[in-house]
Amino acid sequence: MSDVDDRNHFIRDIVRADLASGRVTQVVTRFPPEPNGYLHLGHAKSITLNFGLAQETGGRCNLRFDDTNPEKEDVEYIEAIERDVRWMGYAWSEGPFFASDYFDRLYDWARHLVEAGHAYVDDQDAETIRETRGTLTEPGRESPWRNRPVAENLDLFARMKAGEFPDGARVLRARIDMASGNMNLRDPILYRIRHVRHPRTGDRWCIYPTYDYAHGQSDAIEGITHSLCTLEFADHRPLYDWLVERVPTRARPRQYEFARLAITHAVLSKRRLIELVREGHVAGWDDPRMPTLAGQRRRGVPPAALRDFCRRVGVARADSRVEAGLLDHCIREYLNRHAPRRMVVLDPLKMVITTYPEGRSETFETVNNPEDPQAGTRPVTFEREIWIERGDFMEDPPKKFFRLSPGREVRLRSAYLVTCEEVIRDEGGEVVEVRCSHDPESRGGDAPDGRRVKGTLHWVAASTAIGLEVRLYDHLFAAAVPGSEGDVFDDLSPDSLQILSGAKAEPALADTKDGETVQFERQGYFCRDPDSRPGALVFNRTVGLRDSWAQAQRKTGTTGTAGRKAES
RNA sequence: UGGGGCGUAGCCAAGCGGUAAGGCAGUGGGUUUUGGUCCCUCGAUCCCAGGUUCGAAUCCUGGCGCCCCAGCCA
């Protein structure tokens, strides 16, 4: 994993060429979210691209809210977005900016367009405008108001602004070409009347600029050099250029489009995400199963892993869908080197070491992270009664199962080699306890005679164990491409959340803070959830460890071990 | 039958006329007090068909397939 992005993509080529040719002396990009929803993985790609490009070229990147449609926008989103961008590891030196900061200038520039005969006030209603726009194969028809005198247009536009007309009564349109093959050039609407209170400008305005008009001009105002957006805006580029060339500015921002991010087993459209939240399919915007940045944060995904993911995904113009497994890989790679190890038993089975004296206990210094010597060690208490993972014991094991089974010797991590001598069951035949003998010579986990055991188990001393709730999350959608065969919600996975309430952990786990991610040895990475309270910890599974044993079992059709799901 | 894009290995993605990078997934093997990590191992002639060229994934022509556009959303 590396934040140094050495791989190339076409936008970086363009940026470097512009710098080399002197077209620009400094790269200025912007990340322009509309505050009408939470940021998600798709935005992470854009954030990484925009801020990353500015960072690596010594330029700057503005956070700019595209708040031109007060009907859908809300301050709640503004705060969430700022928090998420910061969490991704990026900062803006000035601002944040808002398109609404430019409403006055935008209005003046619109008057300028009118004066030059490039825009006019159209009295037609929405329906008429739609009908006269033509179709994909037929040209549109010009509005009867298209050739209105400049003075009249100016007057009407001023009165629109003054609030003299009701919503939808008139619009300001660019005067381009009703017969263009590009629908965006068929006299696109620049301003519409909306008597709606704006989150930031309040009631000062009742006319609001459309995206097409506001975006490019805001770019010009901010001195943006490279305006990066997704593919569906490619058709808007001619309009983007048309406007910026006719408005009184010397700035010449250029728009470049790249393919938006799509991921398997997930849905990334704002509309879908809002439905998931509103209809209660998830616990909220920050549900760990959500592809929102808030959700990923709560899931325990490190921002560095997300940046790495975006880097690996690349930037191109081909529509694509990345496998969710790539994100998992990035998360594991980062956490493997950074997350301290702890022993936690998710599905406890009691083990009594019959040869170990009752009442006695001892402490072992255990390494916190074999990948990071700096992480140090911690003491772990061992005693006669401990908890082991139920799935680590099988009375009648399949071939190559090298965990515990009758007569078999395994290692208890950092402690002793133990051999299963007896199995205790309840009336129902359920195994409730396994009894083992231990080899006192194997203190620490190695036998002095050099004999080897194939299995190493994690365990937790019974008397000092702390209980906790563990939430095992899996893909929200079972289908790789949700909705590809019907309704999206039919593809919601029934197994996306499994709650384990009886897990047992070594005491050191209590020393974590909310949001901290640790590795539960042999199981996966887990992040302490803010729902945690003293004595009632809650951990979310961020991602499971790779599990070649479970994978092999799946392949041979054998039932996998309980509580283990690596999932790709 | 309009306009704009895209098509390189299961999934991403380099390549910009000189004889197919890399990552993920998968395979086989080694190391291992996490069946984790780590280390080796194995895969494509580039949507198709013609053409230009000593030579083409890269240029030309013609097909085929997929995506986007008819919001006073962004």
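Hydrogens, waters and symmetry mates play no part in the numbers below; they use all other heavy atoms, side chains included. Computed from a predicted structure; not experimentally measured. In the text below, chain A, chain B and the rest are named by the order of the sequence lines, each starting its count at 1.
- Dashed line: the shortest gap from a side-chain N or O of A/S548 to OP1 or OP2 of B/G36 is under 4.0 Å.
- Aromatic ring pairs are classed by plane angle as parallel below 30°, tilted from 30° to 60° and perpendicular above 60°; the pair A/H198 and A/Y208 is parallel.
- Taking atom C1' on both nucleotides, B/G17 is separated from B/U52 by 11 Å, rounded to a whole Å.
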Distances under 3.5 Å only, N/O to N/O: pair up the protein atoms with those of nucleotides 14-16 of chain B.
from, atom 1, to, atom 2, distance (Å)
B/A14, OP1, A/V315, O, 3.4

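- For the ring-ring contact (aromatic ring centres under 6.0 Å, His included) with A/Y191, the qualifying choice from A/F157, A/Y211, A/W205, A/F165 is A/F157, the only one to do so.
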Original post:
What string of B, S and - do you get for nucleotides 39-44 of chain B 5' to 3' if you count protein non-hydrogen atoms under 4.0 Å?
Top reply: ------
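- Distances were taken from every side-chain heavy atom of A/R546 (C-beta onward) to each of B/G23, B/G36, B/U34; the shortest belongs to B/G36.
- Other residues, nucleotides and ligands place more than 12 heavy atoms under 6.0 Å from the CZ atom of A/R272.
- Backbone-only engagement by A/R317 is indicated by non-hydrogen atom pairs under 4.0 Å involving sugar-phosphate atoms exclusively.
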What pairs of nitrogen or oxygen atoms, one from the protein and one from nucleotides 30-32 of chain B, lie under 3.5 Å apart?
none

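- A salt bridge does not link A/D547 to A/R522: none of the charged nitrogens lies less than 4.0 Å from a carboxylate oxygen.
- Checking the phosphate oxygens (OP1, OP2) of B/G35, no side-chain nitrogen or oxygen of A/K399 falls inside 4.0 Å.
- Judged by atom type and distance alone, A/E257 does not reach the base of B/G5 through any side-chain donor-acceptor pair under 3.5 Å.
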Subject >> Pair A/R311-A/H9, side-chain hydrogen bond (donor to acceptor under 3.5 Å, both in side chains): steps then yes or no >> reply: CA-CA 10 Å; A/R311 181 182 69 83; A/H9 58 247; over 6 Å; no
Original post:
Hey, mind stepping through A/Y525 and A/F520 against ring pair (Phe, Tyr, Trp, His ring centres under 6.0 Å) and telling me if it holds?
Top reply: CA-CA 6 Å; A/Y525 298 97; A/F520 287 2; 9.6 Å; no
Subject >> Nucleotide-resolved protein contact map, nucleotides 67-74 of chain B, B/S/- at heavy-atom distance under 4.0 Å >> reply: SBBBSBSB
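- Base engagement by A/K400 is indicated by at least one non-hydrogen atom pair under 4.0 Å involving a base atom.
- The ring-ring contact (aromatic ring centres under 6.0 Å, His included) analysis of residues 166-188 of chain A, with sequence neighbours excluded, yields no pairs.
- Applying the 4.0 Å criterion to OP1 and OP2 of B/C24, one finds that A/H329 has a side-chain N or O inside that range.
- Between B/G4 and A/R237, no contact under 4.0 Å exists linking OP1 or OP2 to a side-chain N or O.
- Proximity of A/Q519 to the phosphate of B/U37: no side-chain N or O atom is located under 4.0 Å from OP1 or OP2.
- Distances were taken from every side-chain heavy atom of A/R403 (C-beta onward) to each of B/U34, B/C24, B/G35; the shortest belongs to B/G35.
- Contacts of A/P238 with the nucleic acid, taken as non-hydrogen atoms under 4.0 Å apart, are absent.
- As rounded to the nearest Å, B/C60 and B/C69 have C1' atoms that lie 29 Å from one another.
- Under the salt bridge (Lys or Arg N to Asp or Glu O under 4.0 Å) criterion, the residue pairs touching residues 232-241 of chain A are A/E232-A/R260, A/R237-A/E257, with sequence neighbours excluded.
- The aromatic rings of A/H40 and A/H43 are tilted relative to each other, their planes meeting at an angle between 30° and 60°.
- With A/L457 as the partner, the side-chain contact (heavy atoms from CB on, under 4.5 Å) test is satisfied by one option alone out of A/E521, A/R413, A/R403: A/R403.
- Here, B/A13 and B/C40 have their P atoms 26 Å apart, quoted to the whole Å.
- By the 6.0 Å and 45° rule, A/R173 does not stack over the aromatic ring of A/Y120.
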